[in-house]
Structure formats: structure tokens, C-alpha cells
Amino acid sequence: MTILETIILSIVEGLTEFLPVSSTGHLVIAQALMGIESTEYVKAFTVMIQFGAILSVVVLYLKQFFRFEVPVDIRERDDLPAWRITLSRFRFYMQLIVGVVPAIVLGLLFSDFVDKVLGEVWVVAANLVVGGVVMLFVDKWIKNNTHTSVTYKRSFQIGLFQTIAMFLPGMSRSMSTIVGGMTTGLRREVAAEFSFFLAVPTMLGASVWQIIKFYRRGDLAILTDNLDTLILGNVVSFLVAMLAIKYFLKYLKRHGFAAFGVYRIIVGGAIIVMMMAGYDLSLFQ
């Protein structure tokens with residue numbers, strides 16, 4: 001890949017990773033329009049630049065990720081043993097672990113199926129459209145949510161919703177987890193923030209898994225030989241994702257999801273039209 005192609009793909013990743021619009025679908029279109037062949041390195045690159053995006057979450061929510069205070073609900077109780085109070089300091093991390101467990105288990109059990117369905121561009125396009133329809137009406141279907149506290153039960157339920165994006169590429173990990181959080185009663189901005197948090201262990205695991213696969217095949221040199229574009233890609237996705245997260249939350253509080261639904265339908269329709277016109281997008285998966 002050229003430097004320009006690296007920057008463009010990284011901008012696309014940073015813009016779309018945390019929005020409910022499917023970064024997979026957008027990367028398919030971006031690769032196709034630029035004529036980038038889907039080599040083993042390109043496939044790894046589109047996964048590993050997610051590291052920059054998740055780093056933006058850690059930076060933006062630095063206090064949340066490195067807060068080890070006893071939660072207020074625990075602090076106010078005097079009937080709990082010392083070990084329970086100590087563990088409560090790590091509640092945030094344990095909730096993330098609970099949330100990511102479904103993706104780890106199902107990902108390992110059905111990795112071949114996930115890889116296969118990810119290569120079906122028609123599936124990506126169809127799920128973009130279907131997810132877009134959901135976005136159009138989700139604010140009407142799920143409303144008057146008042147909860148702002150993420151419990152272990154809610155973490156696990158949101159984690160289950162996250163796996164929808166694994167088996168239905170194009171549905172969007174962000175959309176699945178945000179809607180999943182809302183179905184548990186969380187306010188949509190709280191559900192969105194937890195979606196960002198859950199992305200950290202999920203996407204970090206995906207990046208590490210890519211490195212492990214290259215190491216097992218003895219192809220680690222492919223990554224080291226392209227270290228310059230990997231670093232550049234992560235820096236760009238980091239900066240763009242920070243802006244995307246900030247403005248997405250502001251927009252979400254005021255306007256909801258309808259505009260994202262319309263956008264998804266347009267993008268999914270564009271992929272379908274391109275394929276019907278004879279553009280072989282399967283080359284880029």
C-alpha cells in the first residue's frame with residue numbers, strides 16, 4: 001500500500017469504528033475504489049489499525065480506565081467482608097471481562113465460519129441495510145430508558161449482542177452493543193460509552209490474534225517489513241477516532257440514531273449497486 005492509501009484507510013477506520021455504521025462495509029468500499037488488492041498484509045492492516053482506535057478510548061476515558069476507588073454503593077455498606085471491598089475496586093475491569101467472554105468463546109468455536117461469512121460482500125451489504133432499518137426505528141422501539149449503571153448481568157447481555165456483529169458482518173459491532181445496552185434499560189449515551197469500553201479488550205484481542213497467526217505461519221516478517229505503514233495507520237486512526245467519539249456522543253444525546261440508519265441504507269445500497277454493475281468487490285475481502 002502507498003502512504004496515501006494507508007492514510008485514507010486509517011481515516012475510514014477511525015471515523016467508522018465507533019459509529020453504528022460498520023467499519024467493515026466502509027473499508028470494503030474504500031479498498032475497492034482505490035483498487036487495493038486484499039493481500040494477507042492488507043487484511044492484517046485493517047484489523048491492526050484498530051489498536052489506534054481503541055487507544056483513543058483509553059485516552060479519552062483515562063480516569064475511568066485507571067480508577068481504583070471503591071464504588072459508592074459498596075462504600076456506603078458496612079456489612080461486606082474486606083475481600084469483597086477490595087474486589088470492588090476492579091469492578092470496571094471485571095465487567096469488561098464478563099462482556100468480552102461471549103466473543104472469545106464463540107469466536108474460538110466458530111472461527112472458520114466467521115472467516116467465511118466475512119468474505120461474503122453480499123452479506124455485508126445486506127446487513128448494512130437491515131441494520132439501517134433497525135437504526136431508523138430503534139429510538140421509538142426502545143425509549144424512556146433511565147438506567148445509568150452497568151451491572152455484570154448487563155455486561156454479559158451486551159457481550160452477547162456484540163457477537164451478532166461477528167456472525168453478521170456489516171451489522172456493526174458498535175450498533176449491536178449500543179442497541180444491546182439499550183435493551184437492558186441503559187440510557188443510549190451510557191450504552192454508547194460502554195460500547196466504546198468493550199471495544200478495547202475485544203479489538204485488542206483481534207489485533208493480538210493477527211500477530212499470533214502470522215507468527216504461527218512464520219510470516220511475521222510481513223508485519224515487520226511494513227512497520228512504517230502500521231505505525232502511520234494507527235496514529236491516523238487514533239486521532240480521527242478521538243474526534244469521532246467526541247462528536248458522536250454529542251450528536252447522539254440530541255438526535256438519536258435515525259440519520260445513521262439512512263446513511264447505512266445508502267452505503268449498503270451502494271455496495272449492492274456496485275456488485276450488480278459488475279464490480280467484483282469480493283476481490284477486496
Side-chain angles (χ1 to χ4, degrees), residues 13-23 47 49-74 87-107 142 145 147-166 171-209 234 237-253 257 260:
E13 165 62 26
L15 277 175
T16 61
E17 185 59 54
F18 297 107
L19 304 184
V21 295
S22 176
S23 58
V47 173
I49 56 174
Q50 293 176 345
F51 179 77
I54 64 175
L55 186 59
S56 70
V57 177
V58 177
V59 171
L60 284 172
Y61 294 93
L62 199 61
K63 290 183 179 179
Q64 182 75 19
F65 275 89
F66 295 97
R67 179 185 298 166
F68 298 99
E69 300 174 356
V70 176
V72 176
D73 60 325
I74 297 293
L87 283 180
S88 71
R89 295 177 182 272
F90 303 94
R91 176 189 289 179
F92 174 72
Y93 298 99
M94 291 189 290
Q95 286 175 343
L96 293 184
I97 292 173
V98 169
V100 82
V101 164
I104 294 175
V105 173
L106 295 180
I142 309 173
N145 284 8
H147 293 289
T148 59
S149 176
V150 179
T151 63
Y152 288 111
K153 180 179 179 180
R154 289 193 177 108
S155 299
F156 185 73
Q157 290 173 330
I158 295 171
L160 289 175
F161 270 88
Q162 181 172 242
T163 62
I164 293 175
M166 292 171 51
M171 192 59 73
S172 169
R173 189 208 66 83
S174 179
M175 189 203 85
S176 299
T177 50
I178 294 174
V179 173
M182 291 174 64
T183 62
T184 69
L186 290 175
R187 294 171 60 91
R188 63 189 178 197
E189 63 269 22
V190 177
E193 286 190 338
F194 189 74
S195 172
F196 302 156
F197 301 154
L198 190 56
V200 174
T202 303
M203 293 157 58
L204 180 61
S207 296
V208 171
W209 181 242
N234 276 289
S237 67
F238 167 77
L239 296 173
V240 175
M242 286 190 73
L243 293 174
I245 291 172
K246 283 186 175 181
Y247 287 104
F248 171 54
L249 280 178
K250 289 181 180 179
Y251 182 90
L252 192 61
K253 289 179 181 179
F257 295 104
F260 296 104

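The shown structure was predicted, so the numbers you read here are calculated from the model rather than taken from an experiment. The analysis underlying the following values was restricted to heavy atoms, covering all of them including side chains, and did not include hydrogens, waters or symmetry mates.
Taking Gln162 as the reference, Arg173, Thr202 meet the side chain to side chain donor-acceptor pair (under 3.5 Å) condition, with sequence neighbours excluded. The side chain to side chain donor-acceptor pair (under 3.5 Å) search around Gln95 returns none, not counting sequence neighbours. Legend: residues meeting salt bridge (Lys or Arg N to Asp or Glu O under 4.0 Å) with Glu193, ordered by chain and number and at least two apart, are absent. For Ser172, there are no side chain to side chain donor-acceptor pair (under 3.5 Å) partners at least two apart in sequence or on another chain. For the side chain to side chain donor-acceptor pair (under 3.5 Å) test, no residue two or more places apart in sequence or in another chain qualifies with Gln157.
The two atoms that bring Leu106 and Met166 nearest to each other are C-CE, 4.1 Å, heavy atoms only. When all heavy atoms of Asn234 and Gly52 are compared, the closest pair comes out as OD1-N, 2.8 Å. Scanning all heavy atoms of the two residues, the minimum distance from Thr184 to Arg154 falls at O-NE, 3.1 Å. Contact between Leu186 and Ile158 at its shortest, heavy atoms only, is CD1-CD1, 4.0 Å.
Here Arg187 contributes atom CZ and Asn145 contributes atom CG; the two are 8.5 Å apart, rounded to the nearest 0.5 Å. A distance of 11.0 Å separates OG in Ser23 from CG in Leu15, rounded to the nearest 0.5 Å. Rounded to the nearest 0.5 Å, atoms CD (Glu17) and OG (Ser174) are 8.0 Å apart.
Ring centroid separation for the pair Tyr61 and Phe92 does not come in under the 6.0 Å cut-off. Annotation: Phe238 is not in aromatic contact with Phe51 [ring centroid separation under 6.0 Å not met].
For the pair Phe161/Pro102, no side-chain contact is recorded, criterion being any heavy-atom separation below 4.5 Å from C-beta on.
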Could you give me the CA-CA distance, side-chain angles and deciding distance for Ser195 and Thr177, then say whether side-chain hydrogen bond (donor to acceptor under 3.5 Å, both in side chains) is met? CA-CA 6 Å; Ser195 172; Thr177 50; 2.6 Å; yes
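The ring-ring contact (aromatic ring centres under 6.0 Å, His included) contacts involving residues 173-195 comprise nothing, where partners must be two or more places apart or lie in separate chains.
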